[in-house]
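Just so it is clear: chains get the letters A, B, ... in the order the sequence lines come, proteins before strands, and each one is counted from 1.
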Amino acid sequence: MTLIEIFEESISVLRTNKMRTALSTLGIIIGIGSVITLMTLGQASQQSVRSRIQSLGANLLTVRPGSSQQGFLFGGQGSNTTLRYEDALAIQNSQRVNTIDSVAAEYSSRTQISSDKGNTNASVAGIAGNYFELRNITLSVGSEITEEHNQITAKTAVLGPEISTELFGEGVNPVGETININGQAFSVIGVTKSKGGNLDDMIFVPLQTAQKILFGVSHVSTVYVGAKSEDGMEAARNQLGYLLLERHRKTSPEEADFSIFSQEDLLETASEVTATFTALLTGIAAISLIVGGIGIMNIMLVTVTERTTEIGLRKALGAKRKTIITQFLMESVVLTISGGIIGVSLGLIASHFLTKRFSLPSIISWESVGLAVIVSSVIGIVFGLYPAYKASKLQPIEALRYE
Amino acid sequence: MLEARNISKIYENGGVRTEALSDISFKVEKGEFIAIIGPSGSGKSTLMHILGALDLPTSGKYILNGRNVEATSDDVLAEIRNKEIGFIFQSFNLLPRMSALKNVLLPMAYAGVPKNQRLAKAKEVLKVVGLEDKMENAPNQLSGGQKQRVAIARALTMEPSILLADEPTGNLPSHQSDEIIDVFEGLNKKGHTIVIITHNESIAKKTKRIITLVDGKIVSDEPNI
């Protein structure tokens, strides 16, 4: 009996019992479907994080207060006060630091914002230096915050597009309007173009204004440094690291009260986090696949028992053990592969809608599709093997007597 | 052609020894038409299973076409059943999912007969049993007698050297039994070797030799005149 004939046989067997076939593949469908969905979502969010971080600029170095031993993820912005605007100026003006292009500083904090039409809570960033250029921010209307605004502690503000919408409504040009930050009136001079992420949700004001008028602090939360080239990143990192150590009167890098990150570092950390989550969730989904496989094994064992007489007859007519094994394996593999294919399709549909819902890049991870099909056939073989073996071991005479 | 030499079959079940067959010896020549009769429990079916290579004797030898049928491997026995024996069961044992034709095709599929030859052969044997117009019917659309004729056709497809029928009319009303008896008679006339286990007097009468079993022993083996 050729494989094709055995395949046709199993299709006709599975057809005769449609309800059972559907129910027994359900476990596999759900398992494969959720693995595909989670893998796709994981990859999509990883890609989204990556492109967001890269859009910040590949040449960008970020200096934050607090040592890296404390960990920038846990230290929290603004909890350390060791970094000052003077540090940024020193970097800018130092003769020794020749690998950098421009410098910017930021002090940001959340506070209450209101306009005539609405109010909200948002992050207000006091900025100085080539901030917009370094962070790849462009304006859709109006003008930028300049050094002059800084010197006169002007109460001018540039809004992120989402804030603008929240305070003034969709499509309204707010330039020239007045907003209220922390009880102080600011005039809006511009709106940034949407970049996605939290930059859209920010309000930019001059650094001095933020420090002196709004929040009463003298430190900054971040210094941004643009290296001249991507290759010069390491040199720039060393140069400004040693400069800051000297300024802060520290003798060795271990004592540093600041940390320097490149986009690469952020990228790695973020990728690690999303990869771990993806692996974890996919692992849970994979467990459901094993459960599905056990369901298949269970139903195949029932099938073998039910069809004892048939197996006996087939053996009496000359079926060899191999043929019987192949027949029952074929049935379980057809079950799991068709479950796998349905699961893949459902998973792809689900991930399409979910990536849309969370505005993630929609990608189809073909390797996960291939993997799902391979995994489902392996499940069919592994969990079908024992029932098939059991069937092949039946003695024809015992099987025929079974009623 | 077929020879049973001192065949015994002993079952042991929970320490209880049952001797189903003891010291059975006989020969069957080509073209014979034999009935094996005896009361239930006399070991008829056990003997039939051994002759059909469905079971093996505890001791003694069973030689079929000069070949010793013994516990070599499951697959060797499967091949003997496939190529040399046509077995007909009391309960027909057709696969209910398949049409009569597909049931008849099955042994040829297991033998690996080229696909283009199978259909012609299946039609031929179905014609022999007079069912060429019922080929596409599923078993549940056939009468008992027709089912048994499909089973006979299936047994004929591999052109076995012997047909073994285990109570072939046991599940049939008498008028349908007659059609089966006619089929067997016709086949024997064409030269087929046939051994039938039966309770049915009228079948036994049509055969040419009757072997009587009682308590696992042959009590008589005589030509039927």
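Of the residues considered (B:Val113, B:Asp55, B:Asp75, B:Leu54), B:Asp75 shows the highest number of contacts with chain A, using heavy-atom pairs under 4.5 Å.
In this structure a side-chain-to-backbone donor-acceptor pair under 3.5 Å is missing from A:Thr278 to A:Met39.
Side chains of B:Ser91 and B:Asn171: no donor on one and acceptor on the other come within 3.5 Å.
For chain B, the nearby part of A:Leu313 is the side chain; its heavy atoms alone come within less than 4.5 Å. Residue B:Lys102: no heavy atom, backbone or side chain, is found under 4.5 Å from chain A. Contact annotation for A:Gln395: only side-chain heavy atoms (C-beta onward) come within less than 4.5 Å of a heavy atom of chain B. Neither the backbone nor the side chain of A:Arg15 comes within less than 4.5 Å of any heavy atom of chain B. Only the side chain of A:Glu5 comes within less than 4.5 Å of a heavy atom in chain B; its backbone stays farther off. With a threshold of 4.5 angstrom between heavy atoms, B:Met98 approaches chain A through side-chain atoms but not through N, CA, C or O. With a 4.5 angstrom heavy-atom cutoff, B:Asp74 touches chain A only via side-chain atoms. Both the backbone and the side chain of A:Ser12 come within contact range of chain B, each with at least one heavy atom under 4.5 Å from a heavy atom of that chain.
Ionic pairing of B:Glu70 and B:Lys61 is not present here: no N-O contact between side-chain nitrogen and carboxylate oxygen is shorter than 4.0 angstrom.
The CD1 atom of B:Ile63 sits 11.0 Å away from atom CG of B:Asn65, with the distance rounded to the nearest 0.5 Å.
A:Ile290 places a side-chain heavy atom less than 4.5 Å from the side chain of A:Phe383.
Taking the six-membered ring where the residue is Trp, B:Phe184 and B:Phe33 present tilted rings, their angle falling between 30° and 60°.
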Check your understanding: Should B:Glu84 and B:Arg67 be marked as a salt bridge (charged side-chain N to carboxylate O under 4.0 Å, His left out) after you check the CA-CA gap, both sets of side-chain angles, and the distance that decides it?
Key -> CA-CA 11 Å; B:Glu84 303 192 28; B:Arg67 187 173 177 185; 3.3 Å; yes

